[in-house]
Amino acid sequence: MQSTASTPQEYLNSLPEDRKLAMQKLRNVILNNLPKGFHEEMSYGMLGYVVPHALYPKGYHCNPKLPLPFMNLASQKNFIALYSMGMYANPTLLNWFTSEYSKQVKTKLDMGKSCIRFKNMNDIPYALIGELASKVTVDLWIEWYESNFIKA
C-alpha cells in the first residue's frame with residue numbers, strides 16, 4: 001500500500017484512526033534517536049529516513065537519483081512495517097535486536113530480511129526501536145552499505 005502523500009505529515013494524516021497513534025509514536029521515537037545527518041522524507045510511498053545526497057552524493061545504487069535509504073516506516077494493510085537496512089547489512093546488529101526483542105516482547109518476532117511486522121499495536125517495543133535507530137551513525141551506515149551492497 002504505497003502512499004501518494006508528499007510529506008510525512010500528510011502521510012500520517014491519511015492513516016486510519018487505529019494506526020495514527022502507533023505510527024506517530026514510532027515516527028517520534030525514530031526522529032528522537034536517529035544520529036545527526038539522517039533526513040526524514042517520503043520514500044517509496046512511506047516514511048523514509050535517508051542519508052541525503054549532500055552527505056552521500058552517490059545516492060542509492062539501485063537508483064542514484066534517490067538518497068541512500070536507511071530505515072522506512074509504513075502502515076500496511078494488516079500491520080505496521082519497520083524496514084531497517086542496518087540489520088540487513090550487519091549480522092551483529094540483527095543478533096542484538098532479535099535477542100533484545102525476545103526479552104522485551106512476549107509475542108514471537110515477525111520479521112523478514114529487513115522488515116519487522118507489527119500486527120498488534122500493543123506489542124510495539126518503542127524504546128527498543130529508538131535504541132535500534134540510535135545504533136548506526138551516517139558514517140557507519142555508509143561504510144556498511146558500501147562493503148555489503150556496492151560491487152568493486
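- Using a distance-only test at 3.5 Å, with no hydrogens or angles considered, no donor-acceptor pair links the side chain of Asn90 to the main chain of Gly86.
- Here the straight-line distance linking atom OH of Tyr83 with atom OG of Ser114 works out to 7.5 Å at 0.5 Å rounding.
- In this structure, the separation between CG on Asp123 and CG on Asp110 is 11.0 Å, given to the nearest 0.5 Å.
- Tyr11 approaches Gly45 most closely through the heavy-atom pair CE1-O, 3.7 Å.
- Atom CZ of Arg117 is separated from atom CE of Met111 by 9.0 Å, given to the nearest 0.5 angstrom.
- Side-chain contact between Leu26 and Ile80 is present, with at least one heavy-atom pair separated by less than 4.5 Å.
- Expressed to the nearest 0.5 Å, how far CG of Leu73 lies from CG of Leu82 amounts to 6.0 Å.
- When every heavy atom of Gln24 is checked against every heavy atom of Leu12, the shortest pair comes out as OE1-CD1, 3.0 Å.
- Contacts classified as salt bridge (charged side-chain N to carboxylate O under 4.0 Å, His left out) and involving residues 34-52 (residues at least two apart or in different chains) are given here: Arg27-Glu40.
- The closest side-chain heavy-atom distance from Trp144 to Leu93 is below 4.5 Å.
- Closest approach of Gln76 to Ala81, counting heavy atoms only: CG-CB, 4.1 Å.
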Acceptor/donor pairs from residues 124-137 side chains to any protein atom, 3.5 angstrom cut, sequence neighbours excluded:
| residue | atom | partner | partner atom | Å |
| --- | --- | --- | --- | --- |
| Ser134 | OG | Glu131 | O | 2.8 |
| Thr137 | OG1 | Leu140 | N | 3.0 |

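- If you chain together hydrophobic residues whose side chains sit under 4.5 Å apart, Met46 and Val50 never meet in one group.
- Between Tyr88 and Asn148 there is no side-chain heavy-atom pair separated by less than 4.5 Å.
- Contact record, Tyr101 with Phe118: CE1-CE2, 4.1 Å, taken as the closest heavy-atom pair.
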Quiz prompt | side chain to side chain contact (heavy atoms under 4.5 Å, CB included) assessment of His53 paired with Lys58 | solution = CA-CA 7 Å; His53 282 106; Lys58 296 177 189 176; over 6 Å; no

Exercise. Could you walk me through whether Leu109 and Ile116 pass side chain to side chain contact (heavy atoms under 4.5 Å, CB included), step by step?
Key: CA-CA 8 Å; Leu109 177 61; Ile116 306 159; 3.9 Å; yes

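- With rounding to the nearest 0.5 angstrom, the CG atom of Asn33 is 9.0 Å from the CD1 atom of Ile30.
- Using cut-offs of 30° and 60° on the angle between ring planes, the pair Tyr60 and Tyr145 is tilted.
- With contacts defined as side-chain heavy-atom distances shorter than 4.5 Å, the pair Leu66/Ser43 does not qualify.
- Counting only distance, with no hydrogens or angles, the side chain of Thr98 and the backbone of Leu94 share a donor-acceptor pair below 3.5 Å.
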Exercise. With side chain to side chain contact (heavy atoms under 4.5 Å, CB included) as the test, would you mind laying out the steps for Ser75 and Arg19 before giving the verdict?
Key: CA-CA 7 Å; Ser75 178; Arg19 296 287 179 88; 2.8 Å; yes

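- Residues Val138 and Val51 form a side-chain contact, since some pair of their non-hydrogen atoms from C-beta on lies under 4.5 Å apart.
- In this structure, the side chains of Trp96 and Met87 stay at 4.5 Å or more apart for every pair of heavy atoms.
- Here ring pair (Phe, Tyr, Trp, His ring centres under 6.0 Å) pairs that include residues 17-51, with residues two or more places apart or in two chains, are Phe38-Phe70.
- You'll find the side chain of Trp141 reaches within 4.5 Å of the side chain of Leu68, heavy atoms only.
- The hydrophobic cluster containing Phe149 also contains Leu55, counting ILVMFWY residues as joined when their side-chain heavy atoms lie under 4.5 angstrom apart, directly or transitively.
- Here the shortest heavy-atom pairing between Asp18 and Met121 reads O-CG, 4.1 Å.
- Scanning both residues, Met23 and Leu47, for their nearest heavy atoms gives CE-CD1, 4.4 Å.
- At a threshold of 4.5 Å between non-hydrogen side-chain atoms, the residues Pro8 and Met42 count as touching.
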